[in-house]
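Numbering of residues begins at 1 and proceeds along the displayed sequence.
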Amino acid sequence: MKSDPEIAHLLPSNLPPNDATILKLTTLLTQLLDESASIEATIKALQARKDEAQRSIHQYRTILSPARRVPDDIWHEIFYRCLPAHRDSAMHPADAPLLLTRVCSNWRRVALSSPRLWSSVYIPLLLGNTEAPPLCLAEPHYRYEYMQALERRRRLRGQAIQEWLQRSGNCSLSVTLSAPGPNLYSMPHGGYCHDADKINIEYVQQMFSILLPFAIRLESLELLTFGVHLFRMFQASFPATVFTNLKTLKLDTETNRETYPLYDSFLQSVSALKKLSLGPRVRLSDPLRLPLKWCNFTEIHLHFGVEVNIAFQLLSACRMLVSFAASLTSARREALLHYPYDHVILPHLRIFMVEDLSYEHTHAYSEFFKRILAPSLHHFAFRKPYSTRMLLPSNLKLKVSPLLVGSPRLQILSLNPTALHPFDILECLSISKHVRRVSLGPDPDLDSGPRWMGPPVEGFPMIMQGGLDSFDLKHLAVPAFEHPSSSAQNAEPLLPELEVLVARELSDLKDEELFVVIKSRLDAWKDGKVAALKHVKVEFARMMQKEICSDIIRYAEGLGLERGRLKVDLKYIQREERWLPFSPLYGLQPNDCSWLYRLSE
């Protein structure tokens, strides 16, 4: 139609068509509408056929899905890998294995038929705080409703635990019993305070009676935030013969003179024990006094202060250790120097974590690291807790580098620069030729050793303490900043296999200097001198000076490093003007007011 001269003449103008043109266009329009309707009907028919074909495709693919042909034993293994690796399974619908039973009928059948999925369980005891009930429970009516709801939850929880453990068949069990409260560490008696607390005591006895038939299969047991009375009830409810298969024990219970005999009689029955973790509430002055076969242990974690000479004797008795973590204090006497063994050889030790609680580095403390030989050591960590960070030893004479001399397989190194001399840190880095991950300062992504107190609330007041960085990160440059000479150019770089670098609480290192350090190692990787960095994580105790993350990534890709292979995480604190003494906003309150007692309008 567009080729018709008359139509082409009328389209760009507002002229009215004559009668002949109107008749002609009306006829053509009717024909086109009929044709369009026919095409639309054809399209709808084809779309219906396509939808029917898609439904059939979906049905056939559903039938032919590989998941339908996976044997049950493979599903059992996959489901087992879904269980939490860092704790026992919780009885929560969003946690495996209960989550797996809510997907489909087949998964529910497979999960319920797999005893291994139900072989671990975390059980928080429903203890009521009868000593200081909420004010709303002072009224008898509310008190009655509260007790009715508590009894109902206890009954349902007990039934669920019994069904859970019955599903485990004959598998070895891993059970965690916890007595949590509103504040875990302010309730030293585990939720109730005396033997006359009939409400909680009766419930605890019922829970222990539910667990008793399954106790013979216990292979791992955790008792968390247990008070003296609760621990006494636990020991009285379970005969000593039921723990003959127990291999892993974790205790976080209140300790006093009354509990020492309880520990002795309880631990005498766990002859097969190989892994022991004692929480900070235990606080035994001498773990060696416990009646245990220390020569069988492969893992010992002591989360309370242990004298360095006692730790040395403990290591001497545990030659099969694979993992050891302890919070060490200085020895009250120099007994370590007169111990009959010159060196302790730990051929299987792979993880060694020390938290320094001492306020003075004695000669015995230094001898401790000189007399330990761990040729298979894979991960070493030396930390200083925040609770003692402001009381650093006045004599930084401690050296941990002698320990690393005999550990050529070390791949993970975590050091706290505030508690060690910079020369010793540099020596540790020089010795560790095969280390792939270095952490200078706390490394929450990896460290799992004892920890007394978490990091302080981040804020600007930490910066006002001033001071240079405890360790100069520029030593990791290739070559180091301070040695541009030709001899240093040919010197072997520090940590030639380093892939992950973690540093925290830096304030003196400039952003541009960090960029140069990373750039130098990337250049050295290009020349084949060092391994390529994969992850750089640095937390500064200052504000940002320059945005360098994008520059680092761009430079790495320019050298040929694959996109996404290098990850850079730089964290800075935010500027708080009201904390700066010379700021016009100094002294203002967090709500941006000057008057602390301002009432909301």
Side-chain angles (χ1 to χ4, degrees), residues 276 278 284-289 294-295 297 299-385 388 391-408 410 412-421 423-425 427-428 431-432 447 449-452:
L276 178 65
L278 300 178
L284 291 177
S285 58
D286 187 1
L288 287 172
R289 64 180 298 276
W294 296 105
C295 59
F297 278 78
E299 181 177 302
I300 296 178
H301 294 172
L302 305 178
H303 301 262
F304 57 90
V306 180
E307 290 188 15
V308 65
N309 58 329
I310 295 178
F312 184 78
Q313 297 176 32
L314 185 61
L315 290 173
S316 303
C318 305
R319 300 303 179 97
M320 301 299 293
L321 274 180
V322 176
S323 175
F324 179 79
S327 300
L328 298 184
T329 62
S330 297
R332 298 178 183 176
R333 57 188 184 279
E334 300 294 328
L336 182 66
L337 304 179
H338 307 288
Y339 201 68
Y341 300 105
D342 291 335
H343 292 87
V344 173
I345 302 177
L346 302 172
H348 308 288
L349 188 65
R350 287 180 54 83
I351 301 176
F352 189 16
M353 296 186 179
V354 173
E355 190 158 49
D356 181 22
L357 300 182
S358 64
Y359 300 139
E360 181 181 4
H361 289 159
T362 61
H363 186 46
Y365 208 135
S366 299
E367 286 291 321
F368 175 78
F369 293 100
K370 292 180 181 179
R371 297 194 180 190
I372 297 176
L373 296 178
S376 300
L377 191 62
H378 175 80
H379 179 188
F380 175 71
F382 183 85
R383 295 196 302 266
K384 188 77 176 176
T388 59
L391 299 174
L392 295 176
S394 56
N395 53 341
L396 290 178
K397 299 180 180 179
L398 178 64
K399 292 185 178 181
V400 299
S401 54
L403 170 69
L404 305 184
V405 173
S407 305
L410 190 69
I412 303 174
L413 179 62
S414 179
L415 300 175
N416 194 319
T418 60
L420 297 172
H421 197 282
F423 289 138
D424 190 54
I425 298 176
E427 183 67 19
C428 290
I431 295 172
S432 307
D447 290 351
R451 185 159 301 171
W452 279 52

What are the two closest heavy atoms between Leu357 and Ser327, and how far apart are they?
-> CD1-CB, 3.5 Å

Which atoms form the tightest heavy-atom contact between Arg319 and Leu346, and what is the distance?
-> CA-CD2, 4.0 Å

Heavy-atom side-chain contact between [X] and [Y] under 4.5 Å:
X      : Y      : value
His379 : Met353 : yes
Val354 : Val400 : no
Arg371 : Val344 : no

Not counting sequence neighbours, which residues clear side-chain contact (heavy atoms from CB on, under 4.5 Å) with [X]? List them please.
X      : value
Leu373 : His343, Ile345
Ser407 : Ala374, Leu377
Ser401 : Lys399, Asp424, Glu427, Cys428, Ile431

Just verifying a value: how many Å separate [X] [atom1] and [Y] [atom2], rounded to the nearest 0.5 Å?
X      : Y      : atom1 : atom2 : result
Leu314 : Ile300 : CG    : CD1   : 4.5 Å
Glu299 : Arg350 : CD    : CZ    : 13.0 Å
Leu278 : His301 : CG    : NE2   : 11.0 Å
Leu415 : Ser432 : CG    : OG    : 8.0 Å
Ser414 : Arg383 : OG    : CZ    : 6.5 Å
Leu315 : Trp294 : CG    : CH2   : 10.5 Å

Using modelled atom types only, decide if a donor and an acceptor are shared between the side chain of Ser376 and the backbone of Leu349 within a distance under 3.5 Å.
-> no

I would like to know whether His378 and Ile412 meet side chain to side chain contact (heavy atoms under 4.5 Å, CB included); could you show each step before the answer?
-> CA-CA 6 Å; His378 175 80; Ile412 303 174; 3.8 Å; yes

Could you label the plane-to-plane angle of the Phe380 and Phe382 rings as parallel, tilted or perpendicular, counting under 30° as parallel and over 60° as perpendicular?
-> parallel

Ring pair (Phe, Tyr, Trp, His ring centres under 6.0 Å) partners of Phe324, counting only residues at least two apart | Phe352

